[in-house]
**Student:** 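Just passing along the structure, written as structure tokens.
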Amino acid sequence: MYTFSSKLKSVAIGLMILGFIGVAYGFLTSNKDFAEVETMLASEAHHGDGHGEAADHHEVNVEDSHATEASHATDAHVETTGHDTAEGHAHAEVDEHTKHVNHVMHAMHKRPWAALYVAAFFFFMIALGVLAFYAVQYASQAGWSPLLLRVMEGITAYMLPGALIVLGIAIASGVIGHYGIFVWMDPEVVAHDKLIQGKAGWLNITWFGIRGLIFIAGWYLYRYFSRKYSIAQDEADDNKNFVKTFRISAAFLVFFLYTESIMSWDWIMSVDPHWFSTLFGWYVLAGMMVCGITVISMVTIYLKSRGYLPKVNDSHIHDLAKFMFGFSIFWTYLWFSQFMLIWYSNIPEEVTYFVTRFQDYQLPFLGMVAMNFVFPLLVLMNSDYKRIPWFVIMAGIVILCGHYIDIFNMIMPATVGDQWSIGIPEISSILLFAGLFIFIVFTALTKHPLEPKRNPFIKESEHFHY
């Protein structure tokens, strides 16, 4: 039986405490009114560079600008026309200044919600990806993986709380959070947007919540019964429990493919309600699977280093690394297919999605592609490297960081726009959910033996060599 070490437990609790403090700080410091944001911007402009004073003077003291322009117009002997022109410029500057301050203020209000949501979804999708991979092992009657099934079961323990947290943040951001994530939850926006009005039958907060609960209930029921039958199989005299798991796994995979696609439309794509992609569900699935398999690899290597899972050999690690490599290539194929087709067709309502991200998020946008494709391609292509635990761990860390940035790129442009950064709200959210993930997963691993006893393929897994 695995024992959750006090040191790792302390790390998990410490991460949660630090993360919670940082998240609370992010929310407290983001709640600024128009005057406070205006003062902050003026101060930043003043101290930002050598032209700060001139920029501040230009933005705030529009009356001086008006007087200067009016005097020039008088000198040119077109006093009335010049006055009207100057007044128009002054009003235009005031409007532009007001829009900019409002834009920054709204971005500040939305940023902690968006940062929390990105981190929550990232850790949830790891658990859901592992659940799907677990179902594939039973549905395909894989012989190499039974020694790893309990590791997968432990990781999927995070799925239920993780999914409820994501759904809760999404709804709370609309009810109490200045519509921080989903613009279609704002009645004022919907009232002036015919396109969103046309989608109101689907994009409304009540139906959004009901759909989410249906998804979560289906995923949880499969996890509950598959885990139950897996444990019962250890003490059984026949393979009836394995057969039950095989059947429900095949049915679950059909349910999963539908619900995962709809979930990705609801929980991710609808942050940009004017944009859609028919590949989006598959794209999210690819990232979900590679992250889930990466975490299986990392947890397995950790447990083996602590003296558990003695029958797991380098061939098991090699196969996990192959899946990491394969799904990284699959993710790249879907990313390129989506990007290339939209870029080539150049339809304004479609291409604006990538234009925004390439202009305002160029570093994370391009960096994410390098981390999720170029790095795994170069590092994991060699078969020998896939058998080296520390090498797989290093590759896994880069892959996980890359896919966090991928989720970041999906959410942030539609919520905070060009006012993004990686700061206290983002880092604290990662720490909070990383601590919660570690605590739940490793607590679940202590509940039952890490090696299944009577899985019909357990001997094949024990003697697996590639």
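Worth saying up front: this structure is predicted, and the values here are computed from it rather than measured. Count residues from 1 along the sequence.
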**Student:** Is there a side chain to side chain contact (heavy atoms under 4.5 Å, CB included) between Leu131 and Phe252 once you walk through the steps?
**Tutor:** CA-CA 10 Å; Leu131 186 65; Phe252 168 75; 3.7 Å; yes

**Student:** State the CZ-OG1 distance between Arg150 and Thr300, to the nearest 0.5 angstrom.
**Tutor:**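 If we round to the nearest 0.5 Å, Arg150:CZ and Thr300:OG1 are 14.0 Å apart.
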
**Student:** Can you find a heavy atom in the side chain of Thr332 that is under 4.5 Å from one in the side chain of Asn372?
**Tutor:**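 When only atoms from C-beta onward are counted, Asn372 and Thr332 do not touch, as no gap falls below 4.5 Å.
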
**Student:** Closer than 3.5 angstrom, by distance alone: can the side chain of Ser5 be matched with the main-chain N or O of Leu8 as a donor-acceptor pair?
**Tutor:**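 Looks like yes, one N/O pair under 3.5 Å.
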
**Student:** Over all heavy atoms of both residues, which pair between Pro376 and Ala370 is shortest? Give the atoms and the distance, please.
**Tutor:**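 In terms of heavy atoms, the two residues are closest at CD-O, 4.3 Å.
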
**Student:** Do Phe323 and Phe133 have their ring centres less than 6.0 Å from each other?
**Tutor:**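 When the ring centroids of Phe323 and Phe133 are compared, they turn out to be within the sub-6.0 Å range.
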
**Student:** Minimum heavy-atom separation for Pro273 to Leu195, with atom names?
**Tutor:**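 Residues Pro273 and Leu195, closest heavy atoms: O-CD2, 3.6 Å.
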
**Student:** Tell me whether Arg357 forms a cation-pi arrangement with Tyr353, defined as NZ or CZ under 6.0 Å from the six-membered ring centre and within 45 degrees of its axis.
**Tutor:**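 Arg357 over Tyr353 ring: yes.
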
**Student:** If every non-hydrogen atom of Asn241 is compared with every non-hydrogen atom of Gln233, which pair is closest and at what distance?
**Tutor:**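 Answer, listing the atom of Asn241 first, then Gln233: CB-OE1, 3.2 Å.
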
**Student:** Which atom names give the shortest non-hydrogen contact between Leu450 and Leu445, and what distance separates them?
**Tutor:**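 So the minimum-distance heavy-atom pair works out to CD2-O, 3.8 Å.
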
**Student:** Any chance you could lay out the side chain to side chain contact (heavy atoms under 4.5 Å, CB included) test for Gln359 and Asp418, step after step, and finish with the verdict?
**Tutor:** CA-CA 9 Å; Gln359 289 180 346; Asp418 58 358; over 6 Å; no

**Student:** Between Arg211 and Met263 (side chain of the first, backbone of the second, donor and acceptor by atom type, cut-off under 3.5 Å), is there such a pair?
**Tutor:**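 Flag not set: sc Arg211 to bb Met263 has no pair under 3.5 Å.
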
**Student:** Phe365 vs Phe358 aromatic rings, parallel, tilted or perpendicular, using cut-offs 30° and 60°?
**Tutor:**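 Phe365 and Phe358: perpendicular rings.
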
**Student:** Rounded to the nearest 0.5 Å, how far apart are CE of Met412 and CD1 of Ile181?
**Tutor:**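 Taking CE in Met412 and CD1 in Ile181, the distance rounds to 9.0 Å.
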
**Student:** Does one side chain, of His316 or Asp319, offer a donor that lies under 3.5 Å from an acceptor on the other?
**Tutor:**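 On atom types as modelled, these side chains do not qualify, holding no pair under 3.5 Å.
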
**Student:** Taking Asp360 for its side chain and Gly417 for its backbone only, find out whether a donor-acceptor pair lies under 3.5 Å.
**Tutor:**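 Such a contact is absent between Asp360 side chain and Gly417 backbone.
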
**Student:** Kindly state whether the ring of Phe121 and the ring of Phe124 have centres lying under 6.0 angstrom apart.
**Tutor:**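 Close enough - the centres of the two rings lie under 6.0 Å apart.
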
**Student:** Closer than 3.5 angstrom, by distance alone: can the side chain of Ser461 be matched with the main-chain N or O of Ile458 as a donor-acceptor pair?
**Tutor:**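 Here the side-chain-to-backbone pair does not exist.
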
**Student:** Nearest heavy-atom pair of Asp234 and Lys453: which atoms, and what distance?
**Tutor:**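 Taking every non-hydrogen atom into account, OD1-N, 3.0 Å.
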
**Student:** Does atom OH of Tyr385 have more than 12 heavy-atom neighbours from other groups under 6.0 Å away?
**Tutor:**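 Not more than 12 within 6.0 Å, no.
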
**Student:** Kindly say whether Asn204 contributes a backbone atom to a donor-acceptor pair with the side chain of Lys199 at under 3.5 angstrom?
**Tutor:**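 Checking the backbone N and O of Asn204 against the side chain of Lys199, no donor-acceptor pair under 3.5 Å is found.
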
**Student:** For Phe242 and Tyr138, take the angle between the two ring planes, folded into 0 to 90°, and tell me which bin it lands in: parallel under 30, tilted 30 to 60, perpendicular over 60.
**Tutor:**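 Correct class here is tilted.
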
**Student:** Under 30°, 30 to 60°, or over 60°: which ring-plane class applies to Trp420 and Phe408, parallel, tilted or perpendicular?
**Tutor:**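 Perpendicular: the ring planes of Trp420 and Phe408 meet at over 60°.
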
**Student:** Hey, are Ser270 and Trp184 close enough side-chain-wise for a donor-acceptor pair under 3.5 Å?
**Tutor:**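 Side-chain D/A pair, Trp184 to Ser270: present.
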
**Student:** Quick check on ring-ring contact (aromatic ring centres under 6.0 Å, His included): which of Trp331, Phe122, Phe373 does His403 satisfy it with?
**Tutor:**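 Single ring-ring contact (aromatic ring centres under 6.0 Å, His included) partner of His403 among Trp331, Phe122, Phe373: Trp331.
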
**Student:** Going by atom types alone, do Tyr222 and Ser249 pair a side-chain donor with an acceptor below 3.5 Å?
**Tutor:**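 Result is yes, a qualifying pair exists.
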
**Student:** Is there a donor-acceptor pair closer than 3.5 Å between any side-chain N or O of Thr352 and the backbone N or O of Glu349?
**Tutor:**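 Pair absent, no side-chain N/O of Thr352 close to backbone of Glu349.
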
**Student:** With a 4.5 Å limit on heavy-atom distance, are the side chains of Thr3 and Tyr308 in contact?
**Tutor:**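 Heavy-atom side-chain distance check passes, below 4.5 Å.
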
**Student:** Go through Leu400 and Val295 one step at a time and tell me if the side chain to side chain contact (heavy atoms under 4.5 Å, CB included) criterion holds.
**Tutor:** CA-CA 9 Å; Leu400 290 178; Val295 171; 4.1 Å; yes

**Student:** When you measure from the side chain of Gln137 to the backbone of Tyr134, do you find a donor-acceptor pair of N or O atoms at a distance under 3.5 Å?
**Tutor:**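 Looks like no, no N/O pair under 3.5 Å.
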
**Student:** Run His448 and Glu153 through side chain to side chain contact (heavy atoms under 4.5 Å, CB included) and show every step you take.
**Tutor:** CA-CA 10 Å; His448 296 281; Glu153 290 171 9; over 6 Å; no

**Student:** How about Ile440 and Phe123: do any of their side-chain heavy atoms sit closer than 4.5 Å?
**Tutor:**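 No; the side chains remain at least 4.5 Å from each other.
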
**Student:** OG1/Thr446 to CZ/Phe442 distance, rounded to the nearest 0.5 angstrom?
**Tutor:**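 So the gap between those two atoms works out to 11.0 Å.
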
**Student:** Quick one: does Ile317's side chain get under 4.5 Å of Ser297's, heavy atoms only?
**Tutor:**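 SC-SC contact between Ile317 and Ser297 ruled out.
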
**Student:** Is the ring pair Phe182/Tyr117 parallel, tilted or perpendicular, if the boundaries are 30 and 60 degrees?
**Tutor:**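 Judged by the thresholds at 30° and 60°, the geometry between Phe182 and Tyr117 is perpendicular.
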
**Student:** Given side chains that start at C-beta, do those of Phe208 and Leu167 come closer than 4.5 Å, heavy atoms only?
**Tutor:**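 The answer is yes; the side chains approach within 4.5 Å.
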
**Student:** Rounded to the nearest 0.5 Å, what separation is found between the CD1 atom of Ile171 and the OG1 atom of Thr206?
**Tutor:**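 Going from CD1 on Ile171 over to OG1 on Thr206, the span is 8.5 Å.
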
**Student:** Locate the shortest heavy-atom distance separating Ile268 from Phe280; write the atom from each residue and the value.
**Tutor:**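 Minimum heavy-atom separation between Ile268 and Phe280: CG2-CZ, 3.2 Å.
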
**Student:** Should we count CH2 of Trp282 as having more than 12 external heavy atoms under 6.0 Å?
**Tutor:**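 Count not over threshold, so no.
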
**Student:** Just checking Phe20: does its CZ atom have more than 12 heavy atoms from other residues, nucleotides or ligands closer to it than 6.0 angstrom?
**Tutor:**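 No, because the 6.0 Å sphere around CZ of Phe20 holds 12 heavy atoms or fewer from other groups.
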
**Student:** Hey, are the side chains of Thr245 and Ser230 touching, using non-hydrogen atoms and a 4.5 Å cut-off?
**Tutor:**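 Result no, sub-4.5 Å side-chain heavy-atom pair not found.
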
**Student:** Do the side chains of Trp113 and Thr415 get nearer than 4.5 Å, heavy atoms only?
**Tutor:**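 Counting from C-beta outward, Thr415 and Trp113 never come under 4.5 Å.
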
**Student:** Could you check if a side-chain atom of Leu285 sits within less than 4.5 angstrom of a side-chain atom of Phe256, using non-hydrogen atoms only?
**Tutor:**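 They are in contact (side-chain heavy atoms under 4.5 Å apart), so the answer is yes.
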
**Student:** Output the distance between atom CG (Leu309) and atom CG (Leu303), rounded to the nearest 0.5 Å.
**Tutor:**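 Reported value, rounded in 0.5 Å steps: 5.5 Å.
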
**Student:** To the nearest 0.5 Å, tell me how far Ile216 CD1 sits from Leu160 CG.
**Tutor:**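 CG of Leu160 is found 7.5 Å from CD1 of Ile216.
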
**Student:** Is the distance between the ring centroids of Trp144 and Phe457 less than 6.0 Å?
**Tutor:**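 Distance test on ring centres: not under 6.0 Å, no.
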
**Student:** Please determine, by modelled atom types, if Asn313 and Glu462 share a side-chain donor-acceptor pair under 3.5 angstrom.
**Tutor:**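 Their side chains do not contain a donor-acceptor pair, so the 3.5 Å distance test is not met.
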
**Student:** Do side-chain atoms of Glu451 reach the backbone of Leu147 as a donor and acceptor pair under 3.5 angstrom?
**Tutor:**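 No; zero donor-acceptor contacts below 3.5 Å.
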
